[in-house]
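None of the values given here were measured: they were computed from a predicted structure. The figures here come from the full heavy-atom set of this structure, side chains too, leaving out hydrogens, waters and symmetry mates. Counting begins at 1 with the first residue of the sequence.
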Amino acid sequence: TPIIRIGLLAGAANGWPGILHQPLPISCLPLPRQRTPPNFRDCPNMTSSTPLPPTTAPSLAPSAAPAKPDPKIAMGWLHTAKFLTTAPELKHLPRIEVPEIAFVGRSNAGKSTCINTLTQQHRLAFASKTPGRTQSINLFSLGKQGVTDAVLADLPGYGYAAVPKEAKYRWQQVMGNYLQTRDNLKAIVLLCDPRLGLTELDEVLLDVIRPRVEDGLKFLVLLTKSDKLNKTDAAKALQIVKLQAGGGDVKLFSSLKRQGVEEVAQHLWDWAHPKEKPVKAPRVVADAGAESASETQSASDEVPPSTPDQA
């Protein structure tokens with residue numbers, strides 16, 4: 001504008017400080033320069049009217065924990081239990097390909113009551129007031145929509161004095177053979193009274209199944225009738241049985257107060273439906289004999305053939 005030119009000429013004639021004595025109108029003052037965004041120059045196709053991409057703030061929320069298994073699935077699966085067959089001897093048991101879970105224990109340990117509580121059925125396993133009533137191996141099938149995917153086995157109780165000695169000896173042999181030779185047996189649930197702990201017969205059973213447990217057989221000790229103890233005595237009994245079981249899995253169980261019912265049901269579900277582990281690709285290792293043979297062949301190819309003069 002003319003006012004700016006006059007100021008510049010006056011400053012050139014009288015020295016640059018003279019321009020300070022020439023006031024400029026406010027309308028002629030330069031506007032403050034807007035700062036260019038960092039990514040503006042990096043994008044030649046972007047103009048001042050192009051909206052900037054939104055910035056996403058880093059998420060400070062912790063990563064989601066893996067979902068816990070729903071016990072309702074396991075309980076609903078156990079509710080499908082149906083009577084399959086009974087076998088007075090081992091040779092009468094049918095051959096089954098699905099996983100089998102056996103319930104064992106003394107005659108008054110409450111095996112039948114435990115099975116009925118887990119399956120939410122009152123008369124699935126016959127619970128008698130007279131110990132030693134069960135004299136056969138009873139099988140119960142599990143599976144939805146008529147497809148059997150597991151079997152529960154209720155074994156006869158042991159240790160009842162009223163049973164004749166011959167019957168005791170026979171069932172000891174049957175149970176021993178079953179626990180040692182049943183191919184589809186995947187887990188054993190040992191039930192005992194927490195007020196008694198593991199008895200001598202229970203420890204004998206542990207010695208029988210120890211080799212299979214070391215080979216991967218699942219094993220669980222249930223302290224039934226835990227409602228008959230207070231919290232302090234129940235905690236002591238739990239620690240004692242854990243020591244007797246060699247650090248095995250031991251849990252308190254009460255059909256009356258439903259203590260440990262869902263937890264045990266989840267164990268049975270996991271045993272019958274193991275998660276498949278990813279199979280690693282086999283490592284290809286070259287055969288040393290083939291390598292040496294190939295090296296020998298290549299060396300023989302490099303040697304020039306002998307001439308008659310050399311011979």
Side-chain angles (χ1 to χ4, degrees), residues 74 77-121 123-128 131-143 147-160 167 170-192 201-202 204-206 208-213 215-222 224 248-249 251 253 255 261 264-274:
W77 170 70
L78 285 172
H79 189 57
T80 64
K82 297 179 181 179
F83 175 77
L84 180 61
T85 187
T86 182
E89 296 181 6
L90 190 61
K91 62 182 179 181
H92 296 153
L93 284 176
R95 291 191 174 274
I96 303 175
E97 300 297 333
V98 297
E100 190 165 301
I101 303 173
F103 285 74
V104 298
R106 293 177 60 88
S107 298
N108 57 350
K111 297 187 306 299
S112 300
T113 303
C114 176
I115 293 176
N116 291 336
T117 302
L118 291 171
T119 58
Q120 306 125 74
Q121 301 184 36
R123 300 282 297 179
L124 180 66
F126 184 75
S128 175
R133 178 71 177 272
T134 303
Q135 293 294 317
S136 301
I137 299 177
N138 298 319
L139 301 183
F140 307 98
S141 62
L142 294 170
V147 180
T148 301
D149 58 4
V151 171
L152 300 181
D154 183 13
L155 272 65
Y158 50 84
Y160 185 55
R170 180 174 64 87
W171 273 113
Q172 287 177 2
Q173 288 184 329
V174 171
M175 289 184 60
N177 293 333
Y178 170 85
L179 296 175
Q180 291 178 336
T181 62
R182 187 67 170 170
D183 295 334
N184 64 321
L185 182 62
K186 301 300 179 184
I188 295 177
V189 181
L190 172 62
L191 296 88
C192 69
L201 294 176
D202 295 327
V204 171
L205 185 141
L206 292 178
V208 171
I209 66 174
R210 193 179 305 277
R212 296 200 64 177
V213 172
D215 292 338
L217 181 70
K218 304 299 181 182
F219 181 69
L220 173 65
V221 179
L222 285 188
T224 58
D249 197 2
K251 297 187 181 300
F253 187 88
S255 298
V261 174
V264 175
Q266 190 61 49
H267 270 70
L268 302 182
W269 167 267
D270 294 339
W271 291 341
H273 306 86

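With V189 as the partner, the side-chain contact (heavy atoms from CB on, under 4.5 Å) test is satisfied by one option alone out of V221, L268, V104: L268.
Side-chain contact check for P94 versus L139: some heavy-atom pair is nearer than 4.5 Å. Between K82 and F140, every side-chain heavy-atom pair lies at or beyond the 4.5 Å cut-off. Proximity of V261 to F253: side-chain heavy atoms (C-beta onward) are separated by under 4.5 Å at one or more points.
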**OP:** Evaluate side chain to side chain contact (heavy atoms under 4.5 Å, CB included) for L185 paired with R212, printing each intermediate quantity in order.
**Re:** CA-CA 10 Å; L185 182 62; R212 296 200 64 177; 4.0 Å; yes

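The minimum heavy-atom distance between P99 and A272, with the atom names listed, is CG-O, 3.9 Å. Smallest separation of non-hydrogen atoms from L78 and A265: CD1-CB, 3.5 Å. Residues D202 and C192 share a closest heavy-atom pair of OD2-CB, 4.1 Å. The heavy-atom pair separating S107 from G157 by the smallest distance is OG-C, 3.4 Å. I137 approaches P156 most closely through the heavy-atom pair CG1-CD, 4.1 Å. Here the shortest heavy-atom pairing between S141 and L84 reads N-CB, 4.1 Å.
Panel note: side chain D249, backbone L220; no donor-acceptor pair is recorded below 3.5 Å. Of the possible polar contacts, none joining the T224 side chain to the L191 backbone as a donor-acceptor pair under 3.5 Å is found.
Remark: W269 engages W77, H273 in a ring-ring contact (aromatic ring centres under 6.0 Å, His included) (not counting sequence neighbours).
Note that CG of L205 and CG of L190 are 6.0 Å apart. Values are rounded to the nearest 0.5 Å. The distance from the CG atom of L118 to the NE2 atom of H267 is 12.0 Å, given to the nearest 0.5 Å. Atom CD1 of I101 sits about 6.5 Å away from atom CH2 of W271, to the nearest 0.5 Å. The distance from the CD1 atom of I96 to the OG1 atom of T148 is 8.0 Å, given to the nearest 0.5 Å. Taking CD1 of I115 as the start and CG of L124 as the end, the distance is 7.5 Å to the nearest 0.5 Å. Separating the CD atom in Q121 from the OG1 atom in T80 is a distance of 8.5 Å, to the nearest 0.5 Å.
Inspection of the N177 and Q173 side chains reveals no N or O donor paired with an N or O acceptor under 3.5 Å.
Among pairs with a residue in residues 86-105, those fulfilling side chain to side chain donor-acceptor pair (under 3.5 Å) read T86-N138, E100-Y178, E100-R182, E100-N184, at least two apart in sequence or across chains.
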